[in-house]
Each structure stands twice: as C-alpha cells, then as structure tokens.
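Since the structure comes first, as structure tokens, the remarks are kept for the end.
Keep in mind that the numbers below use all heavy atoms, side chains included, and drop hydrogens, waters and symmetry copies.
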Amino acid sequence: MPVPPDLAALDVRLPAPRRERSYRASAVLVAVGMVALPLLYLGLLAALAAAVVWYAIYGPELIGGLRVGFATLFAYLSPLFVGAVALLFLVKPLFARRARQGEPVVLQPADEPALFSFVDRLATAVGAPAPREIRVDVQANASASFRRGLWSMAGDDLVLTIGLPLADALTVRQFAGVLAHEFGHFTQGAGMRLTYLVETISRWFERVVYERDAWDDWLAESLATTRTMYGGIALRLASAAVSLGRWVLRGLMTLGRRMSRSLLRQMEFDADGYEVRVAGVDAFRATSERLVTLGLAHGSALGEVERLHREGRVPDDLPAFVAASDADLPDELRDLVLDDVRRARTGPLDTHPSLADRVASAARVGGAGLALSEAPARSLFADFAATSRRATAAFYAAVFGADVARLTVVDTADAVAEQAADRGAFLALGRVLHGVSVLPQAVPEPVDPGPVSVAALDGAAGAVRALAEPAREAAEAWGAGLYGLRQQRAAKALLRARVGFDPAAYDLGEATHAAVEARREAHQADVDAHRPALDAFDAAVVRHVGLALAIAGDVSDDRWLAALHAVHNADADLRAMGDDLAVAEALLAEYQRTPSAEHAV
C-alpha cells in the first residue's frame, strides 16, 4: 500500500536547533533558584511556627512584671492569636482542594489511524519521543505535558493535547508546524521538566498570595463587626500580619517569575526552530498571525456560549461554532488586532517572546520546510465532527458541572443562523440610527406620524439624516460625560474606603471629596447639555420608524414603541451595572496594588 504524500514527506530526520552553553547554564541557575523559593517559603512558616511556640512558653516571663488583670492576659494572648492566624492563613492554600478537572477526551489509534501515524512520523522526524497519549479539547491551541504530572517526570510519559478549533483552522502544513513546536518541547528533556517545575511552583505561590476562602471572609467580617476595643486590636493585628506575610510571598513569587521568564522565552525560540524546519518560514509567520485572530474568534464564541447558557441552551459543536465566529470577524478588527500584536515588544515578565521577535528568530533559521499538503488539517481525523461533539460535551461537563443536565443542546448550524439574524438586526438598527451609537436616557412619548404616505416617509428619513451628524457629535460628548461620571463615582468609593490613589488617574487635581464633587458636577453639566440634541434625534427616529411600520402594515399598535422603551430601560440598567463594575474594578485594583488595603474589598 503506498504511503500518503504527507507521511512520505515526514520520513526524514531534521537537525536539532543548536543550543548555546548559556542556555544550559541559565537552566541550571533557574532550577536552583526555583527550588530555593519554596524552601524559603517553608523556612518562613517554620520560623513563624517556632516564634509562636517560643512565645507560648516564654511569654509569661516577658510580661511577668505587669500587674495581673485583663490587660495583662490580653498582652499575652493577642500575640499568640495573631501568630496562629497568620500561620494558618499562609499554610491553608497548600491543603485546599484543587479545582475540579473534567475527564479528558482521549483518542485511540484504532479510531484515528491517519492522525496517529502522522503524529508518530512527525515526532520521529524532529527526534522527539512520541506521545503516549493524544487528547483533544475545544481550545484554540495545542500543548505538550506530562501525562500524570510529577509521576511522569522520570520517563517519556508524555501527552499531546490538540485543540480542535486549531485543527479546523489550519492547513496540514501549518498544523504539522504547530505540532513540531510542541515536539520541540519534548526534545528539551530537562528543560521541559524545569518548565513544569517552574509552572507548578508559580501556581503554588499564586494560591498562597491570591487565593481567598471562607477563612478570609471570617476575618474580614469579624474585623467589620467587632464591638470591643481589645477584639478590634487583635483582629487588626492579625489582618496586618496576614497581609505582611502575603506581601513577602508576593515578592518571592515576583522574584521567581523574573528568574524564569528569560529561560522560558529561550525555550520558545528553541521550539520555534523545529516548527520552521517542518513548516517553513512563511508558514510560521502566517500560522503565528492566524493563531492571534483564531484566539479572538475563540473568545468571542465562548462569550456567545455563555449568553446561550443563561438561556438554557448550548451549541453541540464548539469547534464549528468557533469557525463560524472566525468567519464573521470583521476585516477591520483583524487588521487592528494584528497591527497591535506586530508592534508589541517582549516584556521582562513575558513567558513568550513577542511576535516580532519570534518572526525575526524564525527568519534566521530560514528554510521552506517539508513538502506538506495545504489541505485542511481536519482531514487527518477519521470523523472530525463526531470528535468535536465529544470534546464539546466534555467541556460542558467540566465547566457547567451538574448544571449541564438542564441545558438543551441545539444544532450548531441553528445557533449560527440565530447569530447571523441577530447581527443582521443590529446592522439594520445601525442604518436606522445612522451610526449614532449612544442611546439617550429617555424615550419620548408617541409622536403622531401624520398622514401616512411614501412622501411623508421620505420627509421623516430626511429629518433623521439632518439630525444625525449633530446627534453623533452629541453622542460622543454624552458618552465621554458618562465615562467621567463613572470615574468620579469610583474615586468617591476609594475616598470612602480610605484608600490612597493617584488623583491624576481620575482626572483630579487632588484626592478630596470636594474635588470629586466639582468634577462630577462638570461632567453632569456636559451630559445635560447634550441631551436635547439626542432627544430631538430620537423623536425623529420614532416618527420615521412609525411611518415605515404603518406603511408596511406589520404593526397596528404601539408595541414597537413599547419595545423601544424596553431597549432604553435595559440600556439604563446596563449603564448602572457598568458604574458598579467600575467601582469594583477600582477597589480591586488598589487592593492588588496594596494588599494591606483589604478593607477596600
């Protein structure tokens, strides 16, 4: 039986990228540093525990000269309480339950012979161990990892995870390049194990620093509700000790990130070399940009799935849903996002190099790659649609849990058609409103359209067009005024929470209640000044739509106006929610910047 062309092209042994001595030396240094960080953490815990025990034993001697009484008892017990609480809060994340993981969708060689043969030959071509297991999911990416975590680090017990939206969007050549990149990580041996170690330790520190649970709620509630002076002092000291401990650990976490990021970027460059040797420089550049826009479509599709989930229904094929979202992305949005990504530069804490740096590195490797097909990568799967539905069901089970039982799974084609209808209605609304993107805060009462005729309709349309340009300008200024009001509401919340902040970030000269009120009044005046132009435009739109519907004969009463009222009411509710969200984001940002400001939350 002849070997398919794509498989025959993989019957080669590609040279491995050259790894500098500095790469190996930095790997050793990072390994030593990352192991030292949790040891420092454990040392901090041991020192704190020893201090609590020491004080429990020798504390009475330290305060023995004080007169016996409640104050003396408090002086002895409060340090014990503060130390014990701080120790508990620093230890508890290590014993907390891990997030529930869904069951992976594992492919079998008997069901996917072409894919497994392709993967095995590609692994051999790049000199990497073949994965023991191939999994699929609904992410727009691929990844290489240890199949059983730490238990697999001793050997080549590796797993390749393929995101089906990725396979659906790429050609065989591009897909082979992405898999070669992952196999490049397989060849890194100690480097891949070090990466796993770095990620594990980083997640460990993140849990200690950021994770909050019922104990944190208890401390905050106790601090807010205590009515005794001594209780308030003890709880404030405990809260300060917890914040100080987390601040120290955040410093260790940041140090670990700074130590490891440079090596992680070098490992990405190294894996990119394998991708270029397989797919070629041109395909590498095209694939890198394709992944950017695919990620954008993936996020958009998941947002729509969440909306459908709230309605009790979900599409049965998420990769197909992502493909439809990708096809509908406006070219202007693609160009805008890609321009930003192309201009981006690598930061010191980035785990991956910037697109510009990766493309430049790929150009230095050079080459046209192997003679691989430009056919869709999904053709490597025996039944791509069925596999996609399996992965979609697994995703829903992992994300929605028991709630998945109440969901109605709908045909993806129907969900896509509904999206298209909604999009058409939105575009039609844009044409009616002539690009005025901000709705006024009130809808006028029904306007008598007068004699119903085509001439009257043309006159109403002309009135809307005449008012559109002033309304667009008013809408822009009105929206800016609303944004300013939102900023001042957030600033007022920060002042009430007694949290320091940069007044310039909120368009203030100084962080005082008087300054906030003055800016609020100025923004409110801007909003009020532009309301008349918007209301006049709105009245013209009401008359135009009323005439059009009367001529069409589709609506014989005021139901359409009631619907317009409902839209405006919903818009007002959304603005109120946006105001609340802005306040919450401001408070959370200050808390993340200054952990001691826990009262802000």
Can you see which heavy atom on Leu318 is nearest to which on Val305, and at what distance? CD2-CG2, 3.5 Å
Do Arg472 and Glu469 meet the salt-bridge criterion of a basic N to acidic O distance under 4.0 Å? yes
Judged by modelled atom types alone, do His181 and Glu268 share a side-chain donor-acceptor pair under 3.5 Å? yes
Does this structure show an ion pair linking Glu133 with Arg135, if we count only N-O contacts that are shorter than 4.0 Å? yes
Carboxylate-amine/guanidinium contact Arg310 Glu306, below 4.0 Å: yes
If we ignore angles and hydrogens, is there a donor and acceptor under 3.5 Å between the side chains of Ser354 and Asp357? yes
Taking the basic N atoms (NZ, or NE/NH1/NH2) and the acidic carboxylate oxygens, is any pair closer than 4.0 Å for Glu311 and Arg307? yes
Give a yes or no on whether a salt bridge exists between Arg358 and Glu275, defined as a side-chain N under 4.0 angstrom from a carboxylate O. no
Does the pair Asp339/Arg334 count as a salt bridge with the N-to-O cut at 4.0 Å? no
If I compare all heavy atoms of Pro315 with all of Thr392, which pair ends up nearest, and what's the gap? O-CG2, 3.8 Å
Show the nearest heavy-atom pair for residues Glu182 and Ala142, with the distance to one decimal. OE2-O, 3.3 Å
Among all residues two or more places apart in sequence or in another chain, which pass the ring pair (Phe, Tyr, Trp, His ring centres under 6.0 Å) test with Phe116? none
Can you name the side chain to side chain contact (heavy atoms under 4.5 Å, CB included) partners of Arg389, sequence neighbours left out? Asp316, Asp317, Ala385, Ala386
With Ser388 as reference, evaluate Val322, Leu164, Val136, Thr412 under the side chain to side chain contact (heavy atoms under 4.5 Å, CB included) test and give the passing residue. Leu164
Measure from the ring center of His309 to the ring center of Phe400 and say whether it is less than 6.0 Å. yes
What's the shortest heavy-atom distance between Phe284 and Ala362, and which atoms? CD2-CB, 3.5 Å
Kindly say whether Ala279 contributes a backbone atom to a donor-acceptor pair with the side chain of Arg173 at under 3.5 angstrom? yes
Sidechain N-carboxylate O distance under 4.0 Å for Asp272, Arg265: no
Hey, mind stepping through Thr161 and Ile134 against side-chain contact (heavy atoms from CB on, under 4.5 Å) and telling me if it holds? CA-CA 6 Å; Thr161 301; Ile134 297 178; over 6 Å; no
Is the side chain of Glu112 donor-acceptor paired with the backbone N or O of Ala382 at a distance under 3.5 Å, no angle test? yes
Has the side chain of Glu473 got a donor or acceptor atom that lies under 3.5 Å from a matching backbone atom of Pro470? no
